[in-house]
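Just so it is clear, the model here is predicted, and its values are computed rather than measured.
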Amino acid sequence: EPTPTQVPEQPKIDRMVHYDGWMRLRVTRVQDLLDAVAALAEELGGKVERMAGGTITVAVPVTSFESAFASIADMGDLLDKAITATDITDQFTSTELRLRTAETTRTRLQQLLAKATEENEKLQLLREIARLTEQIDLLKSQVELLSTLASLRSASGCRLAIRGWR
């Protein structure tokens, strides 16, 4: 047991970080660049999110982000670039807690509904259960999106937006 002067060690929290990067390249053949970037993303387990007008946005696993970014930068003359990292741990934790609370509340209301005898009480409980069900669906979508952004469940943890110039 820790003595009064010792502080117990806090459990380490795995941070959830979403990376975003973009660059502008000068190339002689823009379509060749777009095709090469798309092929690289797919080879790394990622995907093309958008391609239009000489710009491509791809998603790659977080573990491949740095190497993908470096590889793409070598595909032309690098004119400009930026990378941002956003810690979404607190947002994920908060949303997950709200989801669990809403699910627990809905379960309690369903139990009350099973015991309710008055029609007005039943209708009120049904309305609240329906509202909570909508909220739960929304919160589940938010949790999934945040997990995806941090690539915990999917290969789209990072986005690279590449613009090719002649």
Side-chain angles (χ1 to χ4, degrees), residues 9-107 110 127-166:
E9 199 173 304
Q10 296 295 320
K12 185 177 180 184
I13 297 174
D14 289 333
R15 305 307 295 176
M16 297 175 71
V17 180
H18 171 69
Y19 295 91
D20 242 332
W22 66 268
M23 68 179 73
R24 205 165 38 116
L25 298 173
R26 182 175 35 231
V27 296
T28 54
R29 299 179 66 158
V30 174
Q31 191 58 51
D32 289 348
L33 170 69
L34 300 178
D35 293 342
V37 171
L40 177 64
E42 289 177 15
E43 178 183 314
L44 294 172
K47 63 182 180 180
V48 174
E49 288 187 335
R50 183 174 177 270
M51 187 181 328
T55 301
I56 185 169
T57 302
V58 296
V60 297
V62 168
T63 54
S64 302
F65 180 80
E66 288 182 29
S67 65
F69 200 81
S71 294
I72 294 167
D74 288 340
M75 292 180 184
D77 297 328
L78 183 63
L79 302 175
D80 203 3
K81 71 175 182 173
I83 297 175
T84 59
T86 306
D87 187 333
I88 58 173
T89 309
D90 293 341
Q91 186 179 0
F92 179 84
T93 303
S94 171
T95 304
E96 202 172 47
L97 177 61
R98 289 180 18 230
L99 173 60
R100 285 196 310 266
T101 300
E103 289 173 332
T104 301
T105 303
R106 182 178 64 181
T107 300
Q110 288 168 336
R127 277 193 290 265
E128 187 62 17
I129 289 168
R131 185 192 68 76
L132 280 171
T133 299
E134 286 180 27
Q135 182 181 7
I136 287 166
D137 290 344
L138 177 64
L139 290 169
K140 282 181 180 179
S141 295
Q142 290 173 355
V143 165
E144 183 65 30
L145 173 63
L146 291 169
S147 293
T148 299
L149 286 175
S151 90
L152 294 178
R153 295 188 189 149
S154 126
S156 57
C158 311
R159 284 195 301 269
L160 299 169
I162 314 303
R163 173 117 182 131
W165 294 86
R166 292 178 197 211

Heavy-atom pair of closest approach, residues I56 and L34: CD1-O, 3.5 Å
Distance (rounded to the nearest 0.5 Å) between T107 OG1 and I129 CD1: 9.5 Å
Minimal non-hydrogen separation, A59 against A41, with atom names: O-CB, 4.4 Å
Validation row: F92, V143 side chains within 4.5 angstrom (heavy atoms): yes
Criterion salt bridge (charged side-chain N to carboxylate O under 4.0 Å, His left out) on E134 and R131, from CA distance to verdict: CA-CA 5 Å; E134 286 180 27; R131 185 192 68 76; over 6 Å; no
Spacing of CG belonging to L99 relative to OG belonging to S141, to within rounding of 0.5 Å: 10.0 Å
Least distance between heavy atoms, F69 atom then A82 atom: CZ-O, 4.0 Å
Distance (rounded to the nearest 0.5 Å) between S64 OG and E43 CD: 9.5 Å
Any D20 side-chain heavy atom under 4.5 Å of I83 side chain: no
S94 OG to I88 CD1 distance, which is reported to the nearest 0.5 Å: 12.5 Å
CZ on R100 to OG1 on T105, rounded to 0.5 Å: 12.5 Å
Value rounded to 0.5 Å, distance of CD1 in I72 from CH2 in W22: 14.0 Å
Residue pair L78 / M23: nearest heavy atoms and the distance that separates them: CD1-CB, 3.9 Å
Over all atoms of both residues, closest heavy-atom pair of V27 and M75: CG1-O, 3.6 Å
Residues T57, V48; criterion side-chain contact (heavy atoms from CB on, under 4.5 Å); working and verdict: CA-CA 6 Å; T57 302; V48 174; over 6 Å; no
Nearest heavy-atom neighbours spanning Q142 and T95: OE1-CG2, 3.6 Å
All pairs passing side chain to side chain donor-acceptor pair (under 3.5 Å) where residues 68-83 contributes a residue, at least two apart: none
